[in-house]
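See below for the structure under consideration.
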Amino acid sequence: MKHSLLLTALLVLFWLALSGHYVAFTLILGVLSIALVMWLNRKMHISDEKVMPPLLLLRLPRYWAWLLLEIIKSNIHVAIKIWQPRLDIQPQFKKIPSPWKRDVTRVVHANSITLTPGTVTVMVDKDTLLVHSLTDETMQALESPEMKEQLEKLERFQ
Amino acid sequence: MWDILVSYCSDALLITGSFLSLTFAIGLLRFPDFYTRMHAAGVSDTLCAGLIVLGLVLQAGISLVTLKLLFILLFLWFTSPTASFALARAAHRAGYRVSEQEEVASSNS
Amino acid sequence: MILAVTAIALLVAMALTLVRALLGPSIFDRILAVNTFGTKIVLFLGVYGFLTNRPDFLDIALVYALINFISTLAVLRFFESGQLVMPKDKESR
Amino acid sequence: MINIILLGFLAVVAIAVAMMRDLFAIVMLFGIYSLLTAGIFVSLDAVDVAFTEAAVGAGISTILILSTLALTSREEKQPTHSFLLPLLVVLVTGATLVYGTLDMPAFSDPEAPVHQHVAPHYLNQAEQETGVPNIVTAVLASYRSYDTMGEVTVIFTAGIAVLLLLSAFRHHEDEASNLNDLSHHPVLRYIARLMIPFILLFALYVQFHGDYGPGGGFQAGVIFAAGFILYGLVVGIDKTRQMFSESKLHWLMASGLLLYIGVGIVSLLLGGEFLNYNVFAADPLKGQHWGIFLVELGVGITVTATMISVFLAFSEVRRSE
C-alpha cells in the first residue's frame, strides 16, 4: 500500500515534469496514463516494496551524498592516471564480500562500485561480487570499512 | 551579483565536464585492454554527465527544464552502470580474459 | 561561448570514441564505445538544445537515458543463451 | 559546421561497416550510425524525425537485429563474384544523383518549388485549421492522414509477414523460453523493475503530447514496446506471454488499424470526407483535436502490439542445428 502510494507520487511528479501543459484535457490523460501504468504494474508484478522500499528513500539521499564524494575522489585519481605519460596501472580481478540479506542492498553495492571510476562489478554471486579494478588504490577504497558501514546503515533502513 | 555568480558556477561546471569527457575519451584510447578501457568509459557516463547537466541546470534556472534535466541525470545514473555491468558480465561470460595471472579469485576481507 | 566550447569538446570526445569503435579489437570494445558514444550524444543534444535556445530536445535525451541500456542487456542475453557463437577476435597478448 | 562534422562521422562509420565481415560488430556500429543520424536530424531542426530515430535506434532495432543474427551465422560470407560491376553501378548511380543535385535549388531557398506548393499553406494555416501547435503532427495525422494510414497498414502487414516467416522455425517447448531471459541476475532484474513504470509512463506522455512537441503514436508505440521487451528480457518471456497471449496481441495489432479506419468511416457517416475530422464536433477545431487524438492512438496501439509480438516470436525461435 505504502509502496503504491509512493510509486504513484513519483509517477505524478514525472508526468508533471514532462508535460508542462496543465490544461484539463492533458491532466485527465495524465491521470488515465498513471492509472494504466499502475494497473499494469499490479498485473505484471513489476515494482513492489522489495524493489522500492519506502523507508529506503529517506536514507538514500545521505548515501548518495557520500557516494558522490567517493566518485569525485576516484575520478580525480583515474584522470591523473590517464594523463600520466607512463601508464601506471595495476589491473586486477578480485572477489569481495557482499553479505547482504536484501537484494536492494546488493544491487546498490554492485552499482555503486560500477559508478565509481576505476572499479567495475563483473559478477554478482550470492554473497560475493567479482570486481575488476584499475589500480591497487581503487581496490583498497572498496574494501575500506567505510563502505561497509554505509551499506549496513542502508540495509537496516528497510 | 547573484546572476553573475551562478553563471560563473555554470561555466566552471561545463568546463570541468568537457575536460573530463576529453580525458576519459583519451583513456578509452590509451588503456591496454577491454576491462581497463571500461573504467575510462563508464566514468564519462557518471560525473562528466552530472557536471554538464548541472551546468545546464544552472543556465536554465528553476523551471520545468530543470526538473527534466534532473530526471535525465537520475535515469542515467541508474541505467548506465547497469549497462556497464551487463557488458562486463557478457565479456567475462564469453571467456574474455586479459591474461590468466590477473584472475586472482581470492577473497580476503 | 562556454556552451560552444563544451559542444566542441564533446565532438572531439565523440571522434576519439569513434576511433575506439573502429579499432576494436574485440567486440566488447566496440559495444563499450557505442555505449559511451550514446552518452556523449545525449549530452551533446542537451548542450546543443541550449546553444540554439530550443530545450525541447531534452525529450530525445530522455529517450536515450531511459531505454538505451536495453540493447546492452540484449547483448548479454545472447551470450548467456549461447545463441551467438563466441567471439573469435579475442585479444591475444 | 556541426552538420558537416556529424556527416563526416557518419561517412566514416558507413565505410567501416562496408569493409567489415563480422556481422555482430556491424550491428554494434549501426548503433553509432543511428545515434549520429538522430544528431543530424536534430541539427537540421527535424526534431520529430530525430525522436523516431532515437526511439527505434535505442529501444528496438539492435534487439531485433541481434535476434535475427542468432538465427544466422556471425560472419558475412566472402562474396563469390567480382565487385567491379556492382562498384561501377554504384558509382554511375551516385554520379547521376550528384549531377541531379546540381539542378536542385539551394538548401533552404524560399523560392524552391517545394516551398511553393502546399507547404506554405500548412505552415501558415495549420494552427488555425487543426488547433495543433506542432505542424508535423498536423500534417501527419490530419492533412496527410491517408499516407499515415498507409504507413500503419505497412507496419501491420510487415509484422504479419515476419510472424508468418518465423512460424516456420518456432519450437513451443519450454526449454527455449527458459534459456532466453536474464531473470537470474539480481542487479538487472532489480533495475529493470525499477525503470519499467517510468518507461511506460514516458511512452504515454509521448503518445499524448504529440500535439505540442515531438512525439506521437509511432514513437510512443516503440517506447511502450521497449518497456515490455525489457520486461521480457529480464523478468521473463513466459511472464510476458501470460500478460500478452498471442491471440490478444494479434487482436491488438488489428484493433489499432481498425480504430484508424473506423475514424475515417465515422467521418464519412457524419457527412464529411474520409478522415476529415471537422465533422466530429460542432467546432471544427474540436473535431480535429478528437480525430488526431484517436488516429494517433490507433497508430500507437498497432505499433506497440506489432513490436511486442515480433519480439516474442523471435524469442521462441531457435536455430535448427
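Protein chains get the first letters and strands the later ones, always in sequence-line order, with residue 1 at the start of each.
Separating the CD atom in A:Q84 from the CZ atom in B:R30 is a distance of 8.5 Å, to the nearest 0.5 Å. Expressed to the nearest 0.5 Å, how far CD1 of A:I113 lies from OG of B:S84 amounts to 13.0 Å. Between the CZ atom of B:F78 and the CG atom of A:L115 there is a distance of 9.5 Å, given to the nearest 0.5 Å. Taking CH2 of B:W77 as the start and CG of A:L67 as the end, the distance is 8.5 Å to the nearest 0.5 Å.
Using a 4.5 Å cut-off on side-chain heavy atoms (C-beta onward), A:I89 and B:P32 make contact. Between B:M38 and A:H132, the closest side-chain pair of non-hydrogen atoms is not below 4.5 Å. Annotation: side chain of A:T138 is not in contact with side chain of B:H39 (no heavy-atom distance under 4.5 Å). Counting only heavy atoms from C-beta outward, the side chains of A:I82 and B:F31 approach each other to under 4.5 Å. Contact annotation: the side chain of B:Y35 approaches that of A:F93 to within less than 4.5 Å [non-hydrogen atoms, C-beta and beyond]. At least one side-chain heavy atom of B:F24 sits under 4.5 Å from a side-chain heavy atom of A:N75.
Neither the backbone nor the side chain of B:L28 comes within contact range of chain A, judged by heavy atoms closer than 4.5 Å. Contact annotation for B:F19: only side-chain heavy atoms (C-beta onward) come within less than 4.5 Å of a heavy atom of chain A. Of the two parts of A:I72, the backbone and the side chain both hold a non-hydrogen atom closer than 4.5 Å to a non-hydrogen atom of chain B. Proximity to chain A is limited to the side chain of B:F71, based on heavy atoms less than 4.5 angstrom apart.
Contact detail for A:A17 and B:L67: the closest heavy-atom pair is CB-CD2, 3.5 Å. Taking each heavy atom of B:R89 and A:V122 in turn, the nearest pair found is CD-O, 3.1 Å.
Heavy-atom contacts from other residues, nucleotides or ligands closer than 6.0 Å to CG of A:L5 number more than 12. Counting non-hydrogen atoms of neighbouring residues, nucleotides and ligands closer than 6.0 angstrom, the CZ atom of A:F25 exceeds 12 such neighbours.
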